[in-house]
Amino acid sequence: MDLLRFITCGSVDDGKSTLIGRLLHDLGQLADDQLAALEQDSRTHGTRGSEKDFALLFDGLSAEREQGITIDVAYRYFASETRSFIVADCPGHEQYTRNMVTGASTADLAVILLDATRGVLTQTRRHAFLCHLLGIRNFVLAVTKMDLVGFDQAVFDGHSAAFAELAAALGLGAVEIIPVSGVGGDNVATRSANMPWYRGPTLAEHLDAVEIRADEAEPLRLPVQAAIRPDSSFRGVAGLIAAGAVEPGDALQILPSGTMCAVDKVFIGSQEVARGARGQSVVLTFAEAVDCGRGDVVAHCSDPPGVADQFEATIVWMDSDALLPGRGYWLKLGTQTVSATVQPPKYRIDVNSLEHLAARSLELNEIGVAEVYTDRAIVFEPFEDNR
């Protein structure tokens, strides 16, 4: 089965943890001891009286239960009959946006939640923007808490139109919009009798059916983590394939040096395989002796990434201390780490006014475009549709 990594995001109190907890429950993914623990936790820490509080499946920190919010990213693995999943339940509070970015950095799909009683909020816009910026191209808008608005289709249609305008401004492409209730399970894993006007898929159906970009459509990107040399008879390089695939005989280029070589063998663990693909940790041996170690990037000769010591980048600044232009910072990309300086940003982006590039700063988590200079050449992948 293929693997789909996805996140839940959106503003605080939109019901992210409740929705995914309900999804796991309704798909039968919870063991008996987990159900028993949930019932006990619901009596002790729950916010729904005698009912199960599904958010407690993810909000395990004492501070999260005391405040009723998600602080850290919580990961869960589950599977359907056709696909396996890793879900990252991300915090919605503005203060923990950096944790949301961590969860989104490895995701293939984002489920953005929108509270039907509140509509599109600043954090809804910010999370949508950041997900797109991080390369996510599959989106679901889950309009939650439909039970609190009487399952009103007019409310749903209004929120759908507002988010569609935002999606167009960001260039998100097609977004699947689903009305749900995490508390009641409406349109989560089973179709809701309360919303006969909705004829689209449930959330579970869409996650099962959504197409993931094939490995063959991507150029090979293998950041080297380490050189492997257990004895004098073996020398290889190890790393996690970030994109594409590699097979014995492929013509490769090692960057930033530009050295050409060919693949001799591909290993996963100690097992020799005919192919390594995106998401797999592999060891490559080369047909000739070449210099390749940690920080290098292995790519196909036909489509290598860029190499430069200065570039323009979109920067999301999430530290409480302000960015200081000209100051030295560590820049980490893949397995590369270099020192870098940032020039004064050319402009800042206001997520509340995405129709144009505004000049004013954000209250938190500033997003802007600036030039970056590094102490030596690095390998990077520029976005084709960089905003």
Between F163 and F139, ring centroids under 6.0 Å:
no
Report yes if the side chains of [X] and [Y] come closer than 4.5 Å at any heavy-atom pair, otherwise no.
{"X": "V224", "Y": "V298", "result": "yes"}
{"X": "F156", "Y": "I177", "result": "yes"}
{"X": "Q123", "Y": "V12", "result": "no"}
{"X": "C301", "Y": "Q253", "result": "yes"}
{"X": "V188", "Y": "H25", "result": "no"}
{"X": "K346", "Y": "E371", "result": "yes"}
{"X": "L252", "Y": "L284", "result": "yes"}
{"X": "V266", "Y": "P248", "result": "yes"}

For K332, what residues pass the salt bridge (charged side-chain N to carboxylate O under 4.0 Å, His left out) criterion, not counting sequence neighbours?
none
My understanding is that only residues two or more places apart in sequence, or in another chain, count here; which of them pass salt bridge (charged side-chain N to carboxylate O under 4.0 Å, His left out) with E247?
R275
Please walk me through it: do D291 and S257 pass side chain to side chain contact (heavy atoms under 4.5 Å, CB included)?
CA-CA 9 Å; D291 181 13; S257 67; over 6 Å; no
Is [X] reaching over with its side chain to a backbone N or O of [Y], donor-acceptor style, under 3.5 angstrom?
{"X": "S84", "Y": "D2", "answer": "yes"}
{"X": "E218", "Y": "G244", "answer": "yes"}
{"X": "R235", "Y": "A289", "answer": "no"}
{"X": "H132", "Y": "L172", "answer": "no"}
{"X": "T285", "Y": "K265", "answer": "yes"}

With hydrophobic residues grouped by side-chain heavy-atom distances under 4.5 Å, do [X] and [Y] end up in a single group?
{"X": "L207", "Y": "L24", "value": "yes"}
{"X": "Y75", "Y": "Y77", "value": "yes"}
{"X": "Y347", "Y": "L170", "value": "yes"}
{"X": "V175", "Y": "Y198", "value": "yes"}
{"X": "V290", "Y": "F234", "value": "no"}

What's the shortest heavy-atom distance between [X] and [Y], and which atoms?
{"X": "P256", "Y": "A377", "result": "CG-O, 4.2 Å"}
{"X": "A204", "Y": "L27", "result": "CB-CD2, 4.2 Å"}
{"X": "A340", "Y": "V372", "result": "CB-CG1, 4.0 Å"}
{"X": "P201", "Y": "E176", "result": "CD-OE2, 3.3 Å"}
{"X": "A322", "Y": "Y329", "result": "O-OH, 4.2 Å"}
{"X": "V379", "Y": "P305", "result": "CG1-CG, 3.3 Å"}

Kindly compute the distance separating [atom1] ([X]) from [atom2] ([Y]), expressed to the nearest 0.5 Å.
{"X": "S80", "Y": "L4", "atom1": "OG", "atom2": "CG", "result": "9.5 Å"}
{"X": "R191", "Y": "E205", "atom1": "CZ", "atom2": "CD", "result": "5.0 Å"}
{"X": "N187", "Y": "I178", "atom1": "CG", "atom2": "CD1", "result": "7.5 Å"}
{"X": "S281", "Y": "I268", "atom1": "OG", "atom2": "CD1", "result": "8.5 Å"}
{"X": "M146", "Y": "D152", "atom1": "CE", "atom2": "CG", "result": "7.0 Å"}
{"X": "L3", "Y": "D108", "atom1": "CG", "atom2": "CG", "result": "7.0 Å"}

Could you walk me through whether M100 and C131 pass the side chain to side chain contact (heavy atoms under 4.5 Å, CB included) test, one step at a time?
CA-CA 9 Å; M100 172 267 168; C131 286; 3.4 Å; yes
Stepwise, does the salt bridge (Lys or Arg N to Asp or Glu O under 4.0 Å) test hold for K145 with D115?
CA-CA 6 Å; K145 304 184 183 181; D115 187 335; 3.3 Å; yes
Say whether D89 and T8, considering side chains only, have a donor N or O and an acceptor N or O under 3.5 Å apart.
yes
Have T144 and D14 got a donor and an acceptor in their side chains that come within less than 3.5 Å?
no
Go through I228 and F267 one step at a time and tell me if the side chain to side chain contact (heavy atoms under 4.5 Å, CB included) criterion holds.
CA-CA 12 Å; I228 305 297; F267 296 87; over 6 Å; no
Set out, in order, the CA-CA distance, both residues' side-chain angles and the distance that settles side chain to side chain contact (heavy atoms under 4.5 Å, CB included) for L220 and I241, then state yes or no.
CA-CA 8 Å; L220 174 66; I241 299 178; 4.0 Å; yes
Looking at L114, L113, V111, which one forms a side chain to side chain contact (heavy atoms under 4.5 Å, CB included) with L141?
L114
With sequence neighbours left out, which residue pairs that include part of residues 294-304 fulfil the side chain to side chain donor-acceptor pair (under 3.5 Å) condition?
D250-H300
Fit a plane to each ring of F6 and F78, take the angle between them on a 0 to 90° scale, and name the class: parallel (under 30°), tilted (30 to 60°) or perpendicular (over 60°).
perpendicular
